[in-house]
Amino acid sequence: MTTLSPENSLSARLSASFILVKRKPPIDKTEWDGFFDENGQLAKSRDFICVNILERVWPLLENLHRNFTETRNNIIHDIQKLYDKDPLGNVLIDKKRLEKILLLSYVCNTQAEYQQGFHEMVMLFQLMVEHEHEIFWLFQFFLQKIEHSCVINIGVGKNLDMLNNLINFLDPVFAEHLKGKGAGAVQSLFPWFCLCFQRAFKSFDDVWRLWEVLLTGKPCRNFQVLVAYSLLRMVREQVLQESMAGDDILMACNTLVDLDADELISAACLVYAELIQKDVPQPLKDFFL
C-alpha cells in the first residue's frame, strides 16, 4: 500500500484546516456535481473530496443519501457498544475517529453500504495503523481483496449458497440432515461471513492470521467458505448424534470460540485438498478453482 506523506495525508489536512471548518459553508449540489466529470468519474482527487466530506457535507449528504441520517445513527449506536479499553483501563480506540471513517466509507463506497459488524472490523484496523487515511484505505483494500464476501447485499448470500453446495457434495449424510430437521441452520450462519469469523478466535493475532490468508487469495478463491465448512465439521458429530434441529445447530455453532487460527486454516486447507481430488461440479469449480 502506498504511504502518503504527512503533508498530503487525510489526517494531516484535516488537522491543518480544523480551525477553518466552522467558517466553511456546506457543499451545495452544484459544487458536489463539479466533483465529477460528464461520465460520472471523479474530476477531483479522492483525497480532496474526502476532506471536504468530513469537513462540510452533512446537509447535502442528508439529501443525496436517503438513509444518511439513519445510517449515521446506526454507526453511532454500534460504536458506543464497543469496549474501548484494555484490562488496565487504557483507551484503545478513538470512537469519534471511528465514526468519521465509517461514515466516509459509507458515502464513498457505492457497493458496500454500512452494515452491523463493520464497526468491529474497522476497530481492528484502527489498532493496526495510526492515521485516518491508512485505516480508511486498509478497510477498502480488505473489502476489495476478499471480493466483498463479507457484505450482505453482495457476497454473503452467495457464500451461504456455496456452503450448502459444498456440504451436499462432500458430506451427503450431513446435508440430508440439514435439509430436514436442521433446515435453516446454514442460512443462519451469515454472521460468520459478515464479521470474517473474528468472534471465533481467542486473540486479535488469530483474527489477523486468518485475514492475512484471505487477502492472499491462496490456496483458492473464496477460501472463507472452506473455513465455514471446517467450522461446521467441528459440530457435525454432535448434530447427527443428537439429531439437532436448526436452532440447536446454531447454538452449537455459536459455542465455537477461542479457536486457534492456524488449526482452522489447516483444516480448511485439508478440505481444499479433498475437493481438488474429486470431480467437482461446475458451480463449485467456478467458485473455488
Side-chain angles (χ1 to χ4, degrees), residues 1-4 9-10 41-42 45-47 49-50 98 101-163 166 189-201 203-231 259 261-262 264-269 271-272 275-276 283-289:
M1 182 182 300
T2 303
T3 302
L4 301 179
S9 72
L10 179 58
Q41 302 299 314
L42 293 181
S45 73
R46 184 178 288 268
D47 189 48
I49 294 173
C50 289
L98 193 59
I101 293 168
L102 286 166
L103 278 170
L104 181 59
S105 179
Y106 162 69
V107 171
C108 294
N109 196 329
T110 57
Q111 287 187 290
E113 295 186 356
Y114 178 76
Q115 66 187 37
Q116 194 171 44
F118 277 2
H119 65 300
E120 295 185 36
M121 297 175 70
V122 175
M123 178 191 73
L124 294 186
F125 291 130
Q126 186 170 324
L127 294 174
M128 184 178 181
V129 294
E130 179 179 357
H131 299 294
E132 286 178 349
H133 70 278
E134 293 175 321
I135 301 166
F136 173 80
W137 286 117
L138 188 57
F139 181 48
Q140 303 309 310
F141 173 76
F142 182 79
L143 291 177
Q144 292 169 13
K145 287 294 289 184
I146 64 172
E147 301 182 56
H148 292 86
S149 67
C150 64
V151 181
I152 289 177
N153 64 332
I154 300 177
V156 172
K158 186 186 302 183
N159 287 336
L160 292 170
D161 289 342
M162 285 300 155
L163 178 57
L166 189 64
L189 297 175
F190 65 90
W192 280 356
F193 296 111
C194 292
L195 296 169
C196 283
F197 310 99
Q198 61 177 296
R199 290 182 181 171
F201 296 113
S203 71
F204 286 156
D205 288 340
D206 286 284
V207 176
W208 292 130
R209 175 74 180 111
L210 176 63
W211 286 10
E212 285 174 346
V213 172
L214 294 179
L215 287 173
T216 68
K218 303 293 183 182
C220 64
R221 291 179 60 235
N222 297 303
F223 187 63
Q224 70 278 353
V225 175
L226 302 184
V227 171
Y229 179 77
S230 300
L231 286 169
L259 302 180
D262 284 323
L264 182 58
I265 292 165
S266 295
C269 287
V271 176
Y272 176 68
L275 192 63
I276 60 176
L284 288 176
K285 186 178 294 185
D286 292 340
F287 192 70
F288 292 112
L289 307 179

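- Atoms NZ and NE2, on K158 and H148 in that order, are 11.5 Å from each other to the nearest 0.5 Å.
- Heavy atoms only, all atoms of each residue included: E130 and I135 are closest at O-CD1, 4.3 Å.
- In this structure, the side chains of N159 and F287 come closer than 4.5 Å at one or more pairs of heavy atoms.
- You'll find the side chain of F288 reaches within 4.5 Å of the side chain of L226, heavy atoms only.
- If you take OH on Y229 and CG on L275, they are separated by 9.5 Å, rounding to the nearest 0.5 Å.
- V213 has its side chain out of reach of K218: every pair of non-hydrogen atoms, C-beta onward, lies at least 4.5 Å apart.
- Among all heavy-atom pairs drawn from S149 and F193, the shortest one is O-CB, 4.2 Å.
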Would F223 and T216 count as a side-chain contact (heavy atoms from CB on, under 4.5 Å) if you check the C-alpha gap in whole Å, the side-chain angles of each, and the deciding distance to 0.1 Å?
-> CA-CA 10 Å; F223 187 63; T216 68; over 6 Å; no
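- Note: F197 CZ to L259 CG = 11.0 Å, rounded to the nearest 0.5 Å.
- A 4.5 Å side-chain heavy-atom check between Q140 and W137 finds at least one atom pair inside the cut-off.
- Here the straight-line distance linking atom CG of L166 with atom CG of N222 works out to 11.5 Å at 0.5 Å rounding.
- Under the 4.5 Å side-chain criterion, counting only non-hydrogen atoms from C-beta, W192 is not in contact with V227.
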Do I276 and L289 pass the side-chain contact (heavy atoms from CB on, under 4.5 Å) test, and can you show the C-alpha distance, the side-chain angles, and the key distance before you say yes or no?
-> CA-CA 8 Å; I276 60 176; L289 307 179; 3.8 Å; yes
How far apart are the C-alpha atoms of L98 and Q126, what are their side-chain angles, what is the distance that settles it, and do they pass the side-chain contact (heavy atoms from CB on, under 4.5 Å) test?
-> CA-CA 8 Å; L98 193 59; Q126 186 170 324; 3.5 Å; yes
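- Between W211 and F125, the ring centre distance stays below 6.0 Å.
- The shortest non-hydrogen separation linking C150 to I146 is SG-CD1, 3.8 Å.
- Ring-plane geometry between H133 and H131 is classed as parallel, the angle between the planes falling under 30 degrees on a 0 to 90 degree scale with a further cut at 60.
- Looking at S105, its side chain never comes within 3.5 Å of a backbone N or O of I101 through a donor-acceptor pair.
- Counting heavy atoms from C-beta on, the side chains of L103 and Y114 never come closer than 4.5 Å.
- Shown here for Q198 and G117, the closest heavy-atom pair between the two residues is NE2-O, 4.4 Å.
- Below 30°, between 30° and 60°, or above 60°: for F118 and F139 the angle between ring planes is above 60°, a perpendicular geometry.
- With rounding to the nearest 0.5 Å, the separation of CG in D206 from CH2 in W208 is 12.5 Å.
- Rounding to the nearest 0.5 Å places CG of L138 at 12.5 Å from NZ of K145.
- More than 12 heavy atoms of other residues, nucleotides or ligands shown are found within 6.0 angstrom of CD on E120.
- The shortest non-hydrogen separation linking A228 to L163 is CB-CD2, 4.1 Å.
- Few gaps surround CZ on R221; more than 12 heavy atoms of other groups in view lie less than 6.0 Å from it.
- Within the 4.5 Å cutoff, the side chain of F204 has no heavy atoms near those of the M128 side chain.
- Taking 4.5 Å as the limit, some side-chain heavy atom of F201 sits within range of a side-chain heavy atom of L264.
- The two residues I152 and C194 have their closest heavy-atom pair at CG1-SG, 3.5 Å.
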